[in-house]
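First up is the structure itself, then whatever we jot down about it.
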Amino acid sequence: MKQGFFSKMALATAIALSLASGAVVAKDKPADVKKEVLYPNATRTEPKSDLKDQKDVDALNAGQEAATDGDLAKANEILGPLADGSKTKSKYAQAIALQALATLNFNSGSDEGKKKGLEQLKQALDVGAPVVPNDTYYQLKYMYAQLLAGDEQYAPALQALQQWRAEGKRETAESYGLEGSIDYRLEKYPEAIAAITKAKSMPDAKPQPQWDQILMASYSETGQGDKAAQMASDELAKNPSDATALNNATSSLIQAQKYPEAIALMEKAHTAGAIKDEKQYVNFAKIYLIDGQNNDSRQKGNAQKAAAILKEGMDKGVVQKTGENYNLLADSYITADDMNNATAALNEAVKVATNGEPALKLARVNLQENKYAAAEKAATDAISKGVQHKGQAYMVRAEAKRGQKNKQGAIADMKLAAQDPETSAKANAWLKTAGNQ
């Protein structure tokens, strides 16, 4: 659930704000334009700006234009001499140039760029502290918290954000949304719930899908699955054709163990033609299967529906014919007590599988159906392809051989099973019994 913390457009916004706060206005800008004071209650005493030279303003504007045009080399060429102080005596101009370069470097996407960007923004705050007006200064502090979060330095980001709010005395929906996102990544779920709830209640709040995702996930993590499920269902009701909303809703209901409700939601979406991709088909089938396995009265019927859904997806070419999907199809048939179709599905799984797990399951099904020769062959295939529980495969093959009256072959396989710590006790008990008979 990654959230974008800082955009390239912020460069132009920040420089524009900085210039508007300065003692010298940009060319063609009316001097009497009134601007909103963003931090009227800040604890910091408003300092006097040292931005007096129009050349500095022009250079900052030119650097902004180059950056927004994507000419990063030109932007660095113009802003670099301001940032290092070699072409200006103004600490204000130096701070804003550093901020602009910090943004460019951070947005480069490289680890080196992020590191350099954070260093430059911290330097901008230090350099600008004595001269930068409150509006500009606290916007830089807020940006610093954003960049720390964007670099996944969540604990320092939270500290910087809380310091910004305590000193700047400003509350915005965006800042609480950022705080909630940071809290979530720090696994501070109650705090994340409080912050996102606050963000959504603010007068300047704008709908943010990631806020709801964080809130639902935090509810789930704190055992409030009902709230997460209700949120997800409400969101789906607003956007019935939204695949993300559908996935969120079903996931939340499953986490809350509300399987019938999840099934009803998916059935409605299925009827409306909203089940379109492999993940949705597979999840739909799994919900039916899980609910059936948890309720005896619905077990067989739900398992049949799970199989039908998977078959539909496969027939449409949406659900890929992989070993994993065939295995799920076989599980559905087994739960529905449809061993013929289970066998067919497992035979297909064996063909495409990269290991012997489907073959071992096929051997068990054949053994249950008293198809001993087929069970022996499947168990042999499983052993040759490789299975996680090799002792179990030998035991299945031993039983298959015993079913064919091949006592010595069964004993030989049980001896091999006895060498596996997992099956040693059962195999030795079997061998002891067989020796006494």
Side-chain angles (χ1 to χ4, degrees), residues 5-6 10-26 29 31-53 56-57 60 64 79 82-85 88-103 106 117-151 153-180 182-183 195 198-199 202-204:
F5 290 100
F6 195 71
L11 172 62
T13 303
I15 292 182
L17 172 65
S18 304
L19 295 177
S21 302
V24 179
V25 298
K29 181 179 176 68
D32 61 346
V33 172
K34 293 183 179 180
K35 71 180 188 70
E36 177 191 2
V37 178
L38 299 178
Y39 297 88
N41 301 314
T43 58
R44 176 177 179 259
T45 301
E46 185 82 43
K48 185 177 180 180
S49 173
D50 68 347
L51 181 63
K52 302 184 182 301
D53 194 336
D56 289 340
V57 176
L60 289 171
Q64 173 197 344
L79 297 172
L82 295 179
D84 63 22
T88 182
K89 295 180 180 179
S90 169
K91 294 296 184 184
Y92 182 102
Q94 185 180 0
I96 300 308
L98 279 164
Q99 174 269 324
L101 290 176
T103 307
F106 194 89
L118 281 166
E119 290 173 352
Q120 287 175 320
L121 190 53
K122 181 65 170 63
Q123 188 182 354
L125 284 165
D126 294 339
V127 168
V131 294
V132 170
N134 279 348
D135 280 4
T136 304
Y137 181 76
Y138 284 110
Q139 288 299 85
L140 292 182
K141 286 185 78 73
Y142 182 71
M143 188 186 302
Y144 186 56
Q146 286 180 305
L147 295 195
L148 285 169
D151 194 40
Q153 297 187 45
Y154 298 121
L158 182 59
Q159 183 180 4
L161 183 62
Q162 291 174 340
Q163 185 182 48
W164 165 83
R165 186 176 293 124
E167 294 178 5
K169 301 296 181 183
R170 180 173 170 81
E171 295 187 340
T172 64
E174 180 189 275
S175 69
Y176 280 109
L178 175 60
E179 184 172 340
I182 295 170
D183 282 332
K198 178 74 172 178
M202 295 292 289
D204 64 327

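FYI, side chains are in, hydrogens and waters are out, and symmetry mates aren't considered; it's all heavy atoms of this structure.
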query = When you check the side-chain N and O atoms of Ser175 and Glu179, is any donor under 3.5 Å from an acceptor?
reply = no

task = Taking all non-hydrogen atoms of both residues into account, name the closest pair between Val132 and Ala95 and its distance.
result = CG2-CB, 4.1 Å

ask   = From Leu79 CG over to Leu101 CG, what is the distance, rounded to the nearest 0.5 angstrom?
value = 5.0 Å

query = Which value, rounded to the nearest 0.5 Å, describes the distance between Gln159 atom CD and Gln153 atom CD?
reply = 11.5 Å

note = For Leu148 and Ala160 the tightest heavy-atom approach is CD1-CB, 4.1 Å

ask   = Got Glu174 and Leu178 here, is their nearest side-chain heavy-atom distance under 4.5 Å?
value = no

ask   = Is there side-chain contact between Leu161 and Tyr142, with at least one heavy-atom pair below 4.5 Å?
value = yes

query = Closest approach of Phe106 and Gly150, non-hydrogen atoms and distance?
reply = CZ-C, 3.9 Å

request  = Drop me the distance from Leu140's CG to Leu147's CG, to the nearest 0.5 angstrom.
outcome  = 10.0 Å

message = Keeping Asp204 on the side-chain end and Ala173 on the backbone end, is there a donor-acceptor pair under 3.5 Å?
response = yes

note = Output for pair (Gln146 CD, Ile182 CD1), nearest 0.5 Å, gives 9.0 Å

ask   = Do Met143 and Thr103 have side chains that get closer than 4.5 Å, going by heavy atoms?
value = yes

ask   = Less than 4.5 Å apart, any side-chain heavy atom of Leu121 and any of Gln99?
value = yes

note = The single option from Asp53, Asp50, Asp56 that satisfies side-chain hydrogen bond (donor to acceptor under 3.5 Å, both in side chains) with Thr88 is Asp56

remark   = Scanning both residues in full, the closest heavy-atom pair of Met202 with Glu171 reads CE-O, 3.5 Å

Audit row: Thr43, Lys169, side-chain contact (heavy atoms from CB on, under 4.5 Å) steps and yes/no = CA-CA 7 Å; Thr43 58; Lys169 301 296 181 183; 3.7 Å; yes

message = Treating Gln94 as the side-chain partner and Ala83 as the backbone partner, does any N or O pair qualify as donor plus acceptor under 3.5 Å?
response = yes

Backbone of Asn134 reached by a side-chain donor or acceptor of Glu46 within 3.5 Å = yes

query = NZ of Lys122 to OH of Tyr144: how many Å apart, nearest 0.5 Å?
reply = 6.0 Å

query = Does Lys141 NZ have over 12 foreign heavy atoms under 6.0 Å away?
reply = yes

Minimum-distance pair of heavy atoms, taken over all atoms of Ala149 and Ala157 = N-CB, 3.6 Å

query = Can you say whether the rings of Trp164 and Tyr39 are parallel (under 30°), tilted (30 to 60°) or perpendicular (over 60°)?
reply = perpendicular

remark   = Interatomic distance, CG@Leu98 vs CD@Gln123, rounded to 0.5 Å, equals 4.5 Å

ask   = How close do Ala129 and Pro47 get, heavy atom to heavy atom, and via which atoms?
value = O-CG, 4.4 Å

key: NZ or CZ of Arg44 within 45° of Tyr137 ring axis and under 6.0 Å   = yes

ask   = Hey, are the side chains of Leu38 and Tyr138 touching, using non-hydrogen atoms and a 4.5 Å cut-off?
value = no

